[in-house]
Amino acid sequence: MSVRVRFAPSPTGYLHIGGARTALYNYLIAKKHGGKFIIRIEDTDEERSKREYEKLQLEDLAWLGIEHDIGPGKEDEFGPYRQSERLHIYQEYTDKLVEAGLAFYDFCTDEEIEKMREMNEKEGTSAYTGKWREEAHFAEAKQRVAAGEKTSVRFKVDPTKAYEIDDLVRKNVKFPAQMVGDFVIMRSNGKPTYNFCNVIDDHLHKISHVLRGEEHLNNTVRQLMIYEAFNWEAPKFAHLSIMIGEDRQKLSKRHGATSVHLYKEESYLPAAMNNYLTLLGWSHPEELSVFTKEELFSVFDENRFNKSPAMYDIEKLKWTNGQHIKLMSEDVFFSYANEAIAKDHFYHTQSDEWKKVCLSLLREKINMITEIPKLIDESILNESFVQTDELKDILSWETTPAILNHVKEELKKEEGTHVSAESFNSWMDFCKKELKIKGKPLFMGFRGVLTGQNHGPDLKVLIPLTPIEILRKRINSL
RNA sequence: GCUCCCAUCGUCUAGCCUGGCCUAGGACACCGCCUUUUCACGGCGGCAACAGGGGUUCGAAUCCCCUUGGGAGUACCA
């Protein structure tokens with residue numbers, strides 16, 4: 001059987017990082033087995049679904065490089081792949097179920113249903129107790145439907161049955177049928193519900209493996225009932241561990257940045273995002289923690305999913321991002337940085353030569369490209385010193401005043417916009433040879449006097465990058 | 001409440017299926033040392049976990065049961 005997997009987002013918001021991981025795993029499974037990765041849009045909730053979100057989610061997926069083989073606009077013979085375009089199909093299958101006596105029209109009022117719900121909550125049950133399930137009322141129901149009355153359709157659950165799946169992640173899982181009552185498969189507005197159309201589509205779209213979040217595990221029993229009713233073979237399931245926040249609750253908006261587009265805006269590397277997300281619920285057979293998704297094509301393995309929830313840790317994501325920054329070629333990094341640094345930043349007023357030197361200086365210090373402008377502001381553009389304890393300490397050394405004086409004099413003599421690397425070296429040479437200052441007092445003295453800090457990028461590169469005016473201002477403020 | 005799922009360092013995890021190689025390995029974070037005439041990078045090292053209790057077994061992180069804890073679902077959302 002050929003492998004066909006799908007990612008089935010609801011276009012009700014931006015792409016969530018949990019969704020991105022699910023999509024990635026599906027994509028990877030398809031790549032591993034030479035199968036097809038399908039996108040199906042589940043837009044049956046007409047109030048919340050927006051076409052705009054579909055577009056945005058697809059864009060985010062494209063940014064991650066998770067391209068689908070089949071989906072809306074890329075149809076094959078089993079399409080269409082947008083549920084709103086398949087409504088007639090769901091109606092057809094609903095009718096079949098009703099005909100066969102496996103589903104029934106339900107005319108219960110909202111009040112009656114509410115009462116049922118309350119009862120069930122009290123009793124710890126989930127049974128439908130309305131009268132419409134009974135054969136005796138079917139003729140009446142049929143008449144009312146024929147007369148054009150709107151109604152919902154419920155699936156008739158046989159509470160004596162039990163179902164089980166052989167989940168790729170969780171192995172054998174058993175569900176008693178009583179855990180659910182007769183559930184709605186078709187709403188009174190003519191739209192199908194998730195548990196129904198999802199099954200119809202997975203079957204008709206020839207889906208071989210369903211990889212989805214663990215929050216769907218309990219839904220599986222309802223879906224199994226539908227497969228059984230139609231005598232269809234269910235696909236292979238894999239219920240992936242959920243992603244949780246620091247409070248160990250399912251990751252959601254209140255945990256902060258959970259939308260993929262936010263990471264795109266912050267110039268995270270898609271490769272890093274994929275890398276990190278892959279490791280949240282899956283482990284590399286060689287325990288590698290840095291890799292590209294292409295390197296996973298052959299090595300990805302559906303037997304290495306982890307069952308327990310994974311906490312989303314942005315610090316590790318950042319570290320992963322830093323690893324991928326170090327992996328980039330110089331040219332790619334250069335254009336990436338030019339793209340990511342705000343257009344109005346000082347950086348863009350400098351020569352290409354300056355930019356290249358600056359970038360190679362700062363690259364190894366960062367995990368995020370957005371740290372570059374920040375570092376430039378802090379170490380190149382800051383004009384006055386903050387009298388920190390560290391700075392006071394350096395200034396209190398007996399060797400420092402001599403360095404300060406020498407630098408001050410040299411700075412007066414300098415012409416041009418920047419100090420050349422040669423000049424800077426000669427300053428240091430002078431202090432070393434004539435003033436006999438070396439090692440830490442030498443370097444830290446220069447660093448303190450010229451940058452006001454006790455740490456930062458390599459001085460010999462940093463100082464020639466700093467506009468001479470700024471160096472003068474700094475030194476004069478001392 | 002009911003149903004289902006989960007349980008190894010603070011975090012991501014390896015090991016579990018197919019008990020012994022586990023004195024429990026790796027990674028992030030943190031700390032220390034080395035290197036660098038400064039800072040960082042890097043290298044080396046340290047801290048730190050099998051939730052608890054019962055079994056089974058010569059032997060249990062690994063298999064079974066219970067307890068506890070956590071999570072998900074319980075919609076005419078998906």
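A, B, ... follow the sequence lines: proteins, then strands. Residue 1 opens every chain. Values in this document were obtained by computation on a predicted structure and should not be read as measured data. The figures here come from the full heavy-atom set of this structure, side chains too, leaving out hydrogens, waters and symmetry mates.
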Could one point to a donor on the side chain of [X] or the base of [N] with an acceptor on the other under 3.5 Å away?
{"X": "A:S188", "N": "B:rC76", "value": "yes"}
{"X": "A:E287", "N": "B:rG25", "value": "yes"}
{"X": "A:K307", "N": "B:rA7", "value": "no"}

N or O in side chain of A:R48 less than 4.0 angstrom from B:rA78 OP1/OP2: no

Any A:R248 side-chain nitrogen or oxygen under 4.0 Å from OP1 or OP2 of B:rU11: yes

Which whole number of Å gives the distance between the P atom of B:rG59 and that of B:rG54? 15 Å

What interatomic distance, in whole Å, is found between P of B:rC2 and the corresponding atom of B:rA49? 36 Å

With heavy atoms under 4.0 Å as the rule, sort [X] into base, sugar-phosphate or nothing.
{"X": "A:N303", "result": "nothing"}
{"X": "A:K174", "result": "sugar-phosphate"}
{"X": "A:S308", "result": "sugar-phosphate"}

With a 4.5 Å heavy-atom cut-off, do A:P192 and A:I185 have their side chains touching? no

Return the nucleotide paired to B:rC39: Watson-Crick means purine N1 to pyrimidine N3 with N6-O4 or O6-N4, wobble means G-U with N1-O2 and O6-N3, both under 3.5 Å. none

Crowding at CD, A:E47 (>12 non-hydrogen neighbours, <6.0 Å): no

Look only at the side chain of A:R21 and the backbone of A:L280, and say whether a donor-acceptor pair between them is shorter than 3.5 Å. yes

Ion pair A:K191/A:E46, N-O distance below 4.0 Å: yes

Between atom CZ in A:F196 and atom C1' in B:rC76, what is the gap in whole Å? 14 Å

